[in-house]
Every structure is written in structure tokens, then in C-alpha cells.
Amino acid sequence: METNNTITPEIQALANRLKRGTSGIAPANGIEEKLLKFQRTGKPLNIKLGLDPTAPDIHLGFAVVLRKLRQFQDCGHQVIIIIGDYTALIGDPSGRSATRPMLTAEEINQNAKTYVDQLSVILDRDKTQVRFNGEWLGELDFAATVRLASRMTVAQVLQREDFANRYANHQPIGLHELLYPLAQAYDSVAIEADVEMGGQDQTFNILAGRELQKEMGKDQQVGLFMPILVGLDGVKKMSKSIGNYVGIRESPDSMFGKLMSISDTMMRDYFILCTDVPEEEVAALIQQAESGEVNPKDVKRRLAREIIAIYHNAEAGERADREWHRIHAAGEVPADMPEYALKDGDSTEGEIWVCRLLVVTGMAKGTGEARRLVTQGGVSFNGEKVADPQAQYALEALENAVLKVGAKRYTRLRV
RNA sequence: GGGGAGAUUCCCGAGUGGACAAAGGGAACAGACUGUAAAUCUGUGGCGUAACGCUUCGGAGGUUCGAAUCCUCCUCUCCCCA
């Protein structure tokens, strides 16, 4: 090994910081090597992240990857966001087999703009470049596409978990979907990516990028994988469509409430992936929670405050904590809650039926559900449990009244 | 191109003429217990002021007193062979 290729303690320390929370790196010593390359050439590394131009929704799960990118930027590197306007023609085959609606150019542009807007909450805009992959994919003619496709085998593509599962379960797989990893791999070739970031579920795509770069005589990128942040339900990947997410622009109170509802076993991952609390400290906190030395609830409060401090500020975290205790320990009603202004058609002869009230406020999907909620004792009106599903309320009694369903859903009424 | 299997409620999956708004499981929701955690237990299960009411079982027609179940055509998927 040449002298200027030696991994100094400084480089190792930096690499270790960049590796925090990652679930995999391909190849294992890739980060160190790329850092050496940077040292040698002085040229910032190209850190790639590919995005689907679907409606942006930045939540903690997505932020895991973005925060990692930010770390690279802070070390002087260049982030290249690739908006997959062309790959959107295919639609990432991950997840369901339902065909995705085609997006128009305007929609894609609009979404891209929104993305950049939201990304800048976490990323350093000056070190973020946004490219559309139609720029190069759009240039490929059929012959070039075929040549490209010849570099990968069906067996390789079928290794990918999504495909393998769908194949095993007799689910349809469109031929064009097989091209997705290839198209994404070509992005890496086109921008000469040094590192490609992605969730664990992008493993195949990212490795395909490495393969293709090698095939085409380019420097191979390093794949840096982040674990998939499990959503609030504790089972599935955090995503907006499932609804098990915490949006990075949510109010402190909302974030706090949601974070307090995660299971204890998820705390460690959330600490590591969503906060900057040092790893040793996280380990200590978790250990204390597990041994019963500290009430796990208090560790979770800390977690919630840490996260709120990132997206709002520390003070907001404290406030949310106090508010949460006021509501849950003291049983008081929250300061903020959705409001519903009654409309003309909602009442009859100055009175409104509870079940109807639940339906119009959106707290129950239908009368049947509303009836059930009341019968089961899940509904209270101004703090008093509603026992009778036939109960009627006079309009005058409704102004400013608080309707509560279940443990945590409130609506304030307006007449 | 030939042969076979299939499409059921949020998901998986039973159901082959009436007892089916449709088994069972999962998810979800509510209650109890808690720390708005986990686990456990109980309850709910389309809509509907609830009614022997209305609309559901890929789509459109048909047979029948009666269809998720039978017939015809259509759409989509999977498997095997070529």
C-alpha cells in the first residue's frame, strides 16, 4: 500500500462517524477507500440519492437517509439528487404490484420543486445538485437499451427480493419492471457516483449500479445502506401511505405524542437513526431502561425531545413534553385540537344525534361505527362519557364543546 | 399457439343454489390492565336512527321463487407445454 493510501486515525474516525447507523456497506471498506480518494484528489465525492418523483413526503424514515447525506456534505462532499422522471415510467417495483399512475411532466416538475424545498430542511442546498435522469436515459435509443440490458441476467434480477417474492407468489411481473434496476444503475454511470445512499430495500438497485459501472469501465460506487426505519405500528416501513409516520414538519405536540406511542423495543433504532445522541450514550440509556433502573417511558421522553429539537428546537421539545404530561397524567384536554364548525344540514330542530355528530366530524366512518364507539364507552362529550347511542344534544350546548373518541382523538365543536 | 387454475369484504383465505353481510386468521378500532409501550383478556366487524331495509363476492348480461355459488360473453392474473 502506498504511503498516501494509508488509513490514518483521522480518516478512520471520520469513516466511523459516517458509518453510524448504517446497515451495510458494499464493499465493507468502501468508505475508507473513498475518503482516501478524496484526500488524494481533493475532489469532493459524488454522493448519489435517487428519488421517485411521486408526491414528496418527508418523514423520519426518509430523513434517516437525508441526515446521512448531510453528514457527507458537512465533510465537504457533493450530494446529487436524482429525480427519476424517466424511471417513473416504470415505477419502482418495490412493494405492491399495483400499477402506478403515470405522471405528467408538470406534475413531475411540481413534485421535484417541492422535494427540493423540503430537502433543504435537512440538506445543505449549496452542496446539493438536482438532476433528472431523463437527461441521459432519454437519449438512449432502443439499440443502446438492448446493449445495456445485455449486461445483466434474468437470474441476477430475480435475486432481488421483491421480484423473487412476487415470482414465488405467482404475482405478475412486468417485463419493463426488470429494467428498473438497470435504469437506476445507469444513473450511477452517468453522474459518476462515488457513493450511493439508499435504504436497505434499495440494496439490489445500488449493487446493480456498482456492477454496471464496472462493466463500463468506471470507478465503482460504494453502496451505503441505511436500515429501514420501522413505522409507528412497529411492523412496517415508515411510510405516508400506511400512515405510520412522523412528518418532519409536524407540530412538536404531534411528534411527541406519536413518538411516545412507539414500542420500547424500537427506541434504540430511533435514537441511532433519528437523533445525534452519541452511540455510547444511547447504549447506556437503553440499558437503563431494560434493567428497570429508569422508567422506559422517561427514556422515550428523552427520545421525543431529541427529535423535536432537530426539527423545531429544544425549547419546543420541553414544551411538548409538559403538554403531554398535562394531558395524560392530569387527564386534561390538549390545547390544540382539530375544530369542526357545524353546518346547517348537521342538525334537526336544534338538536343533533351523537352518532351523526361523530360522522360529520369525521371521527367515525359511519353510523354503525359511531354506534359501536358509543356502546363500547369510547366516546365522551365535555369529559363525560356518552352512554346512550341515541343521545341528542342541543345546539346551544355544542359551542366550544370537546368531543373525545378513544384515548387520543379530540375535536372541538363550533356552532 | 395448446392445456390447466384463478379473481370473495382493508389483507390473507373459506364458501359450489336458500340457514351468506358471507367461516377462520391478520390488521384495525373500542374497553380492561398499563407508562397513550409490550403482552394478555373482552367486544366490534359494508351502509343505514337499526328495519323480516339497502348495496356487496373482477365486469356485463342470462337461468331461477331465490345466485358469491349455475350459463354466456368480456377483462385481468398465474401455472404447465410449445
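Each chain gets a letter, A, B and so on, in the order the sequences are listed, and its residues count up from 1. Basis for what follows: all heavy atoms, side chains included, without hydrogens, waters or symmetry-related copies. Computed from a predicted model, the values in this text were never measured in an experiment.
Atoms CD (A/E369) and P (B/A50) sit 18 Å apart, rounded to a whole Å. If you measure from atom CG of A/L175 to atom P of B/C78, you get 12 Å, rounded to the nearest angstrom. Rounded to an integer number of Å, the gap from A/R356 CZ to B/G48 P is 10 Å. A/M266 places its CE atom 10 Å from the C1' atom of B/A37, with the value rounded to the nearest Å. Residue A/R372 contributes atom CZ, which lies 22 Å from atom P of B/A21 at whole-angstrom precision. Summarising the geometry, the separation between CG on A/L373 and C1' on B/A28 is reported as 12 Å, rounded to the nearest angstrom. Atom-to-atom, CZ of A/R409 to P of B/A28 comes out at 14 Å; the value is rounded to the nearest Å. Summarising the geometry, the separation between CD on A/E349 and C1' on B/U49 is reported as 14 Å, rounded to the nearest angstrom.
Under the Watson-Crick and G-U wobble criteria, each requiring two contacts below 3.5 Å, nucleotide B/C78 is paired to B/G4. Look at B/C47: its Watson-Crick or wobble partner, with both distances under 3.5 angstrom, is B/G53. In this structure, B/A38 makes no Watson-Crick or G-U wobble pair, since no nucleotide meets both defining distances under 3.5 angstrom. Base pairing annotation: B/G61 forms a Watson-Crick or G-U wobble pair with B/C71, both donor-acceptor distances under 3.5 Å. Base pairing analysis places B/C10 opposite B/G26; the two distances defining the Watson-Crick or G-U wobble pair are each below 3.5 Å.
A/R70 has a carboxylate O that lies under 4.0 Å from a charged side-chain N of A/D74, or vice versa, which qualifies the two as a salt bridge. At a threshold of 4.0 Å, the pair A/R322-A/E318 does not count as salt-bridged, since none of the basic side-chain nitrogens sits closer than that to a carboxylate oxygen. Taking a cutoff of 4.0 Å between a charged side-chain nitrogen and a carboxylate oxygen, A/R326 and A/E323 qualify as a salt bridge.
B/G46 sits 27 Å from B/G62 when the C1' atoms are compared, rounded to a whole Å. The same atom, P, is picked in B/A14 and in B/G3; the two are 27 Å apart, to the nearest Å. For the P atom pair drawn from B/G6 and B/U16, the interatomic distance equals 13 Å after rounding to whole Å. B/C57 and B/A38 have their C1' atoms separated by 37 Å, given to the nearest Å. Across the C1' atoms, B/C70 and B/A82 are found 34 Å apart, a figure rounded to whole Å. The gap from the P atom of B/G2 to that of B/G66 amounts to 38 Å, rounded to the nearest Å. Taking the P atom of each, B/A60 and B/G13 are spaced 24 Å apart, rounded to whole Å. To the nearest whole angstrom, the two P atoms, one in B/C54 and one in B/A68, are 14 Å apart.
Each of A/M260 and A/V359 lies near RNA chain B, and the nucleotide nearest A/M260 is the one positioned closer to the 5' end. Both A/K365 and A/I262 sit near RNA chain B, but only A/I262 has its closest nucleotide nearer the 5' end.
Comparing atom distances between the A/D264 side chain and each of B/U49, B/A37, B/C29 picks out B/A37 as nearest. The A/S263 side chain lies nearest to B/A37 when the options are B/U49, B/G43, B/A37. The side chain of A/P296 sits closest to B/G35 out of B/A30, B/G35, B/A50.
Within the cation-pi definition used here (under 6.0 Å to the ring centroid, within 45° of the axis), A/K258 qualifies as a partner of A/Y245.
Side-chain to base pairing of A/Q392 with B/U49: one donor and one acceptor N or O lie within less than 3.5 Å of each other.
The neighbour count for A/K113 NZ, taken as heavy atoms of other residues, nucleotides or ligands under 6.0 Å away, does not exceed 12.
Paired with A/D321 under the rule salt bridge (charged side-chain N to carboxylate O under 4.0 Å, His left out), one option of A/R305, A/K300, A/K297 passes, and it is A/R305.
OP1 or OP2 of B/U49 lies within a sub-4.0 Å distance of a side-chain N or O belonging to A/T367.
Using a 4.0 Å heavy-atom distance criterion, A/I173 is classed as a sugar-phosphate-only contact. Among the atoms of the strands shown, base atoms are found under 4.0 Å from some heavy atom of A/G368.
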Residues A/E293, A/Q287; criterion side-chain contact (heavy atoms from CB on, under 4.5 Å); working and verdict: CA-CA 8 Å; A/E293 197 179 322; A/Q287 199 277 323; 4.2 Å; yes

